[in-house]
Amino acid sequence: MFNDSHNPNRPLQFWFQESHEGVILFIVFYTQACRYGRCVGCNLYQQQSPHPIDRLCLIRQIDQVFHDEDILARSQEVNKIILSNNGSILDEQTFSSTALTYFMFLVGQHFPFTRVLSLETRPEYVSLREMEFLSHIRQETILENIEIAIGVEAFSDHIRNVRFNKNLSIEAIEHLIERVSAYHFGVKCYFMFKPVSHMTTIEAINDIQSAIDFLDGCAQKYNVDINLHLNPTYVARGTCLASEFLQGLYEPPYLIDIVQAVKLGKGKRLNIFVGLNDEGLAVEGGSFLRAGDEGLVKTLEEFNKTQNYALLQKL
Ligand code: SF4
């Protein structure tokens with residue numbers, strides 16, 4: 001159920017991405033699993049510890065990041081770092097604020113060109129006290145901005161709260177955006193394309209269109225930089241979706257349909273990043289990546305780096 005065998009002195013994993021913000025280092029720390037833990041279909045907690053991981057172990061994990069050869073080799077290129085623990089980095093009980101402070105102070109020493117720190121969290125941990133704290137520390141580091149990253153998954157209330165049990169209202173998301181605007185923080189919202197069975201491609205595109213319109217409205221109303229991170233759904237092993245897929249009740253999305261959804265962001269006040277990695281976790285035939293998709297993947301990677309909609313019009 002949980003991952004109790006990982007060395008608590010080492011982070012869980014890291015990888016690099018490239019976006020219009022430059023090179024991004026994505027780090028997942030090994031901590032106590034998400035304390036919400038009730039989202040249907042979520043298996044992230046299976047990678048994390050059932051027990052609290054103390055701050056000394058977290059500091060050793062951070063030291064590991066700053067001494068890892070693969071990371072050091074690209075340290076001069078990194079423009080943005082995303083911190084995750086497959087749950088909520090701002091949940092003090094799973095990730096100590098001492099460790100977060102330690103990380104923020106050391107960023108400048110090891111990654112001299114990093115300007116943005118993105119923190120994955122559920123919105124309920126983004127308190128005024130927490131934002132005051134982050135804003136204060138940021139001023140003493142090389143970081144120019146903080147981004148609060150939340151998993152929304154679907155714009156449809158029914159899919160998000162009834163089928164996924166996210167317990168997250170659209171009003172709460174807008175309230176979060178309004179709160180962070182006072183500190184000039186950015187916001188990143190993770191969505192999934194066609195996340196459930198019995199959803200047509202048209203419904204999937206419409207859901208993303210609603211998300212784009214909502215986030216565009218919030219970005220304008222509160223003057224906040226917003227990134228929509230769109231992950232095409234893949235059928236992960238061991239999930240309910242995998243059983244439905246095996247019964248023929250679900251077909252993974254096609255990349256060209258995702259392109260149709262992304263095009264709707266043209267002229268809106270937000271950036272869109274398309275996740276193109278199924279992490280090798282898809283069951284056979286359950287990935288959105290299919291033979292012959294190489295050209296589309298390349299174009300979407302280029303779009304992620306440039307936000308150039310002309311690339312998509314050609315498809
Ligand atoms: S909040 Fe995130 S990590 Fe926690 S159960 Fe839900 S999807 Fe999983």
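Both counts, for ligands and for their atoms, begin at 1 and track the order of listing.
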Legend entry - atom 6 (Fe) of ligand 1 neighbourhood, protein N/O/S only, threshold under 2.8 Å: C39 SG

Inset, instruction - State plainly whether the residues D293 and R290 are in salt-bridge range, i.e. N to O under 4.0 Å. - result: no

Inset, instruction - Mind telling me whether H229 and Y190 have parallel, tilted or perpendicular rings, with 30° and 60° as the class edges? - result: tilted

Inset, instruction - Please say whether the positively charged group of R74, taken as NZ for Lys or CZ for Arg, lies over the ring of F16, i.e. under 6.0 angstrom from the six-membered ring centre and within 45 degrees of the axis. - result: yes

Legend entry - Closest contact, heavy atoms only, N304 versus E18: CB-O, 3.9 Å

Inset, instruction - Distance to 0.1 Å, residue and atom name: give those for the protein heavy atom nearest to atom 3 (S) of ligand 1. - result: N86 O, 3.3 Å

Legend entry - Distance, nearest 0.5 Å, that separates CZ of F26 from CG of N277: 11.0 Å

Inset, instruction - Write out all pairs satisfying side-chain hydrogen bond (donor to acceptor under 3.5 Å, both in side chains) with one or both partners inside residues 306-315, taking only residues at least two apart or from two chains. - result: none

